[in-house]
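Reading through the structure tokens given below for one structure.
Computed from a prediction, not measured in an experiment: that's the story for all the values here. Quick note on labels: first sequence line is chain A, next is B, and so on, each numbered from 1.
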Number of protein chains: 2
Amino acid sequence: MAVTKRSKQRDAIIDELCQRHDHPTAEELYLALKMKMPNLSLGTVYRNLNMLSDDGTIQKISVGGADHFDGNANNHYHMLCAECKRLYDVAYPVLEDIEKNAVNFVDGKITSHMITFIGVCNGCLH
Amino acid sequence: MAVTKRSKQRDAIIDELCQRHDHPTAEELYLALKMKMPNLSLGTVYRNLNMLSDDGTIQKISVGGADHFDGNANNHYHMLCAECKRLYDVAYPVLEDIEKNAVNFVDGKITSHMITFIGVCNGCLH
DNA sequence: TATAATAATAGTAACAATTATCGTTATTGA
DNA sequence: TCAATAACGATAATTGTTACTATTATTATA
């Protein structure tokens, strides 16, 4: 179902997600919010994250293991650290033509694209 | 643990995966192989797929839901059909410089990259 | 402002995907 | 041929996520 009524919980989830620039999993978000809202339910976090990513208000990112969420809905790229499994933003300029060009190699239509770099973050290199 | 001894099961998994050009999940692979090897175990399929993707013999692809596997270990791109959730190969020429260029936007080192197009395949458009 | 309709919640059970365990079997090097 | 052990099948356990249900909160309207 789509979002119609507001709730304190959803507002808090969006707030928290937009304030942080890591890309937390549902559980990480839940644990952070649980301190301020002690009877928040993990199911509520999942339900809202799904509604919001369905709307396009936030992004869901699957890279193996638990899904990550990103409060920045504008297309941009990510790097996954193979060691710590953290996801980072990569401010690489968006490849504006890639979807148009890719049509020639695809049987169907393209609506978006995602690029994920895999590597090792500085924290894990030292 | 790394691959040391051979097994009929692993050979069959590699064979099947390289013969097909869809990108089956562990369970799809298991069901296909179960016909030829009736006492194959799903755990064996998972264990081997993980060992082989750790080696770089095959690729594991996470796009939400069950992981997909690809017998082609050379870097290439994919499209996910948002309707049927099938994964397709996209023969878009590999962007040779993208990792080198992305280093400027990353705190760490980059070892690989993946590009996934999201769209709707022809089967689902009609 | 009170009320009625119902979206959203908390808590929990169920489910799906994957990994771990463990006793047995198969592979391989000596 | 045999001993060491990787790999197996069967199944239990774990993890991540979704579904269910009774209760609470939000919101449009009277």
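Evaluation of atom-type donor-acceptor distances gives no pair under 3.5 Å for the side chain of A:Ser7 against the base of D:dA25.
Straight-line distance from the CZ atom of B:Arg47 to the C1' atom of C:dA17: 16 Å, rounded to whole Å. If you take NE2 of B:His68 and C1' of C:dT18, they are 15 Å apart, rounded to a whole angstrom. A straight line from CG of B:Leu40 to C1' of C:dT25 spans 15 Å, rounded to a whole angstrom. In this structure, CG of A:Asp11 is placed 15 Å from P of D:dA25, rounded to the nearest angstrom. Between A:Asn48 atom CG and C:dA8 atom P the separation is 8 Å, expressed in whole Å. As rounded to whole Å, 17 Å separates atom P of C:dA16 from atom NZ of B:Lys85. Taking atom OH of B:Tyr46 as the reference point, atom P of D:dA13 lies 19 Å away to the nearest angstrom. Rounded to an integer number of Å, the gap from OH of B:Tyr30 to C1' of C:dT19 is 16 Å.
No hydrogens or angles considered: nothing links the side chains of A:Asn122 and B:Lys109 as a donor-acceptor pair under 3.5 Å. Side-chain atoms of A:Lys34 and A:Asn39 form no donor-acceptor pair, as typed in the model, at a separation below 3.5 Å.
For residues 110-120 of chain B, the set of pairs meeting the side chain to side chain donor-acceptor pair (under 3.5 Å) definition, not counting sequence neighbours, comprises B:Tyr77-B:His113, B:Glu99-B:His113.
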Next on the checklist: For a side chain to side chain donor-acceptor pair (under 3.5 Å) check, start with the C-alpha distance between A:Ser7 and A:Arg10, then their side-chain angles and the critical distance, and finish with the verdict.
Outcome noted: CA-CA 5 Å; A:Ser7 77; A:Arg10 178 156 51 240; 4.6 Å; no
Item to check | Derivation and outcome, side chain to side chain donor-acceptor pair (under 3.5 Å), residues B:His68 and B:Asp22 | outcome: CA-CA 9 Å; B:His68 294 255; B:Asp22 60 341; over 6 Å; no
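For the atom pair OG1 of A:Thr44 and OH of A:Tyr46, the computed distance is 12.5 Å after rounding to the nearest 0.5 Å. Summarising the geometry, atom NE2 belonging to B:His21 is positioned 7.5 Å from atom CG belonging to B:Asp89; distances are rounded to the nearest 0.5 Å.
Checking the phosphate oxygens (OP1, OP2) of D:dT17, no side-chain nitrogen or oxygen of A:Asn50 falls inside 4.0 Å. In terms of phosphate contacts, B:Asn39 brings no side-chain nitrogen or oxygen within less than 4.0 Å of OP1 or OP2 of C:dT25. Between D:dA25 and A:Gln9, no contact under 4.0 Å exists linking OP1 or OP2 to a side-chain N or O. Between B:Arg6 and C:dT28 there is no side-chain N or O to OP1 or OP2 distance below 4.0 Å.
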Distances for protein N or O near nucleotides 5-7 of chain C N or O, under 3.5 Å:
| residue | atom | partner | partner atom | Å |
| --- | --- | --- | --- | --- |
| C:dT6 | O2 | A:Lys5 | NZ | 2.6 |
| C:dA7 | O4' | A:Lys5 | NZ | 3.4 |
| C:dA7 | O3' | A:Thr4 | OG1 | 2.9 |
| C:dA7 | O3' | A:Lys5 | N | 3.4 |

